[in-house]
Structures are given as C-alpha cells and as structure tokens.
Amino acid sequence: MDLIIYIVYILFFLALGYGVGSALEKSHYGNIQKREKDYLTLPAVTSKKIEEQDNIVSAQLVTGSVVVSLDYFKRFLAGLRNIVGGRVKSYETILDRGRREAVLRMKEQARVLNADMIINMRFQTSGIGQITKKKGAIGCFEVLAYGTAVTLKEK
Amino acid sequence: MKFTPRLPRENVNISKVSPLRELFVLLSAVLGGVLIIYFVLGVALDIIVSRMPDQADKILGTFFSAHYNFEREPSPAEKETQKLLDDLVQYLPPRSLEFTVRIADNTQVNAMALPGGHILVFSGLISEIQSENELAMVLAHELGHFVHRDHLRGLGRRVVLVLLSVAFFGVDSPITELAQRTLATAELRFSRAQEEAADNFALHLLNKKYGHVAGATDFFDRLKDKQRRPRFLAYFSTHPHHRDRVVLLEAEIRKSGYIVKEKIPLLSVYKEVCSSDREDKFLPQGAHK
C-alpha cells in the first residue's frame with residue numbers, strides 16, 4: 001500500500017514537472033530567439049584581438065548571468081541516466097537556455113554602453129548549493145558570460 | 001575579414017529526442033534490469049536455502065529471540081505449551097535446531113514462526129482455541145513452516161530486494177527506506193503453496209501424536225465469519241487464502257483415511273492467558289489428560 005502511494009506521488013510530480021517545465025521552456029525559447037534577432041548587430045566574439053585594434057575608443061567589462069533550476073521530471077531522468085550512463089539529454093536544454101540567456105544579458109549591458117562589439121568573451125558555469133547526490137539537493141546552476149565591450153571610433 | 005550577422009539555422013546543442021520517450025526507455029531498462037536480477041537471485045536463493053544447515057537458522061534466530069524476549073522464564077501456560085510442542089517435535093527426524101514457544105500478550109489472533117526455531121503465539125489466539133488438539137494443530141503448522149524453511153526463503157528474498165535497491169537507487173533513496181522497512185517485519189506472508197504444505201504437514205503430525213485428527217479444521221472453520229473483526233486483522237492479512245484451508249484439509253483427511261475421535265480440552269492453566277470465560281474448554285486444575 002505504501003508503495004502505491006509513493007508511486008502515485010512520483011507520477012504526480014513527474015507530470016507536473018513535465019507539463020509546466022515544457023510550457024516554460026517553450027515560452028523561454030521563443031523569447032530568446034526574438035531577442036537574439038535584436039542583438040544581431042552587436043557581435044560577441046571570443047578573440048582577444050581584433051583587426052580594428054587601433055580604433056578602440058573605450059573598453060569595459062560586461063557580464064550577464066542567469067541562475068537556472070531543474071524541474072522534477074528532468075532530475076528524475078538524470079537520476080535514471082546515472083544508473084545506465086550516457087548523455088543526459090534532459091539537462092541539455094537547461095544549459096543551452098542558460099548560456100544563450102547569459103549572452104543576451106551581457107549584450108544588454110553592452111548596448112547600454114553603446115558598445116559596438118564584445119571581445120574576449122568567456123563562459124563560466126557553476127553549481128549553486130548542494131548539487132551532489134544528497135538528500136534535498138537542489139539542481140541549480142549559474143551560467144555567467146563575461147567579456148570586454150569595446151566602442152570603436154566612428155569612420 | 002567581414003562580420004556578417006547571422007542566426008544559426010538549428011540548435012545543435014540539444015537532442016531531438018522526446019523526453020517522454022526517453023523516460024519510457026530508461027524506466028523500462030532500469031526496472032527490467034532490476035526484475036531480472038531479482039528473479040535470478042530468487043531462484044538461486046531457493047536452491048541455497050534448501051541446502052542450508054540448521055546452524056544458519058540458529059544464527060539468524062539470535063537476532064529475533066532477543067527482540068521478542070524468548071530468553072525470559074516461561075509462565076505456567078508457556079511451560080504447558082512448550083510440553084505440547086516438545087511432544088510434537090519428537091515425531092520429527094532428529095535435528096540440531098531447538099524449538100521454543102512463547103505466548104505474547106497481544107489481543108490479535110495470530111501465531112508466528114521466527115527464525116531460530118522460535119514460535120510466538122499471541123494470547124488473542126489462545127483465547128479463541130477451544131481444545132488442546134486445535135492448539136497442537138496451530139503449533140504443528142508453524143513447525144511445518146520451519147521444516148520447509150519457508151521463513152528463510154522469505155527473509156532471503158527481502159534481503160536481495162534491499163541490496164538491489166541500494167545498488168540501483170543509493171542508500172539515501174526513499175525506495176531503499178521502503179525496502180528496509182519491509183525487511184524489518186517478521187510477520188511474513190507465505191505463499192499459497194507454502195501454506196498448503198504446512199497445513200498438510202500439520203495434519204499428518206497431528207495424526208501421529210493423537211492417532212486421529214479431531215480439531216484439525218475446527219479453529220479455521222470458526223474463523224470463517226470473523227474476517228471483519230479488528231482482532232483478526234493480523235491473521236487475515238497474513239493468511240489471505242483462508243477460505244480454502246478447511247476445504248483442502250478435509251480433502252487431505254479423506255485422502256489419508258484419517259478418523260476423528262474426541263478432543264481434549266485445554267488445561268486450566270491457560271485461563272490466565274485467555275480473556276474468554278468459557279468453562280467447558282478447560283480441564284479442572286491438576287487434572288491429568
């Protein structure tokens with residue numbers, strides 16, 4: 001009897017996680033794609049030096065960070081993956097959204113500074129709180145994108 | 001080098017697998033794996049248990065005897081029950097395992113066979129017994145479980161389950177906790193085949209002791225109408241196939257050609273255990289059977 005209640009409890013949260021999680025994910029991706037179009041003219045590159053090196057008027061650090069958490073469904077799938085091994089596909093969308101969102105926030109900061117581009121861009125991902133396999137672990141990640149926003153001399 | 005602003009056409013960083021399909025595949029793989037291992041180990045366990053010596057039973061018994069307080073001095077009623085049990089045991093092939101019986105103070109109607117040759121009878125059951133023959137039948141039935149090693153099989157299966165749960169889900173998982181809790185319960189539910197085998201064993205043992213089988217079915221017959229009573233909860237939850245017991249026993253009686261003679265009433269020393277006031281089921285104090 002205990003087992004049945006436990007299974008129902010798990011199924012409920014799985015359904016909730018899947019339903020709400022998928023809906024939120026879809027809307028977030030839509031939002032991300034729209035903003036990425038807006039920022040097409042503000043490139044972010046990972047190179048340290050650019051051709052117009054001598055034309056740089058001002059340079060400033062810009063950062064964009066976002067904290068993302070997993071829903072129950074994704075965590076359950078990852079738990080199963082932990083047993084058999086292989087790619088944890090359920091985490092991929094979370095991290096992808098995190099990275100793109102972080103880049104967009106960084107570009108927002110750069111736009112406020114009227115920058116032309118961001119150079120020397122880097123990513124940093126870290127876990128927040130306990131992400132080890134302990135009871136009460138919260139699967140929370142912070143994705144940070146940082147770079148140098150440069151303004152070029154107008155030709 | 002000219003920078004051309006362009007969006008990527010598709011997202012290579014995410015897999016196109018539907019998460020529901022992934023869930024289904026992974027769950028089937030994991031659960032399937034667990035079930036297969038459980039069955040294979042179960043079969044291996046059956047083979048091991050039937051070859052296990054009595055020594056192993058004794059070692060397991062030490063864990064249970066302390067918990068259920070078998071070490072204490074027996075009461076007069078318990079001494080009489082032990083005499084009855086010893087009398088039955090003498091008809092069994094010689095073995096190194098000693099059988100002890102105690103009466104637990106519990107209004108539930110039940111009797112348990114614990115590892116190590118310990119039989120625990122609840123006082124609730126004593127109050128429902130109306131003759132010595134019935135009590136002998138109950139004891140003989142528990143002896144049957146011991147001889148067939150039914151309790152060891154059940155215990156072994158549950159140990160396997162806990163080990164599997166720890167291996168797959170980790171020590172902290174609630175699933176492991178659940179499995180550990182079922183392991184802790186000594187009240188086993190034996191399979192239908194095991195119960196039938198124990199009943200037949202008891203019937204033959206009863207006949208060996210008394211020369212007839214009066215009282216073999218009486219107790220179970222009376223229980224028929226008591227299914228909903230709370231005092232019988234423990235009995236009916238561990239003996240779900242109760243209804244057929246009487247039928248099967250009567251068939252076995254006919255097959256073996258056993259006869260029924262007069263039943264022997266319980267000694268009055270059991271009065272201290274029973275809550276029942278029925279006088280006719282007791283022999284006067286000190287009367288010889």
**Q** Sort A:Tyr29 into side chain, backbone, both or neither according to what part of it lies under 4.5 angstrom from a heavy atom of chain B.
**A** side chain
**Q** State whether a side-chain donor-acceptor pair under 3.5 Å links A:Tyr146 with A:Asn120.
**A** no
**Q** How about residues 86-93 of chain A versus chain B: which residues have heavy atoms under 4.5 Å apart?
**A** A:Arg87, A:Lys89, A:Glu92, A:Thr93
**Q** Counting only non-hydrogen atoms closer than 4.5 Å, does A:Arg99 touch chain B with its backbone (N, CA, C, O), its side chain (CB onward), both, or neither?
**A** side chain
**Q** Locate the shortest heavy-atom distance separating A:Lys48 from A:Ile119; write the atom from each residue and the value.
**A** O-CD1, 3.8 Å
**Q** Against chain B, work out which of A:Val84, A:Leu95, A:Leu80, A:Thr41 has the most heavy-atom pairs shorter than 4.5 Å and name it.
**A** A:Leu80
**Q** Kindly give the heavy-atom pair with the smallest separation between A:Ile50 and A:Met117, and that separation in Å.
**A** CD1-SD, 3.8 Å
**Q** Charged N to carboxylate O below 4.0 Å: is that the case for A:Arg35 and A:Glu101?
**A** yes
**Q** Are there over 12 heavy-atom neighbours, none belonging to B:Phe39, within less than 6.0 Å of that residue's CZ?
**A** no
**Q** At their closest point, which heavy atom of A:Leu144 faces which heavy atom of A:Ser65, and how far apart are they?
**A** CD1-CB, 3.7 Å
**Q** Is it true that the side chains of B:Arg245 and B:His141 contain a donor and an acceptor less than 3.5 Å apart?
**A** yes
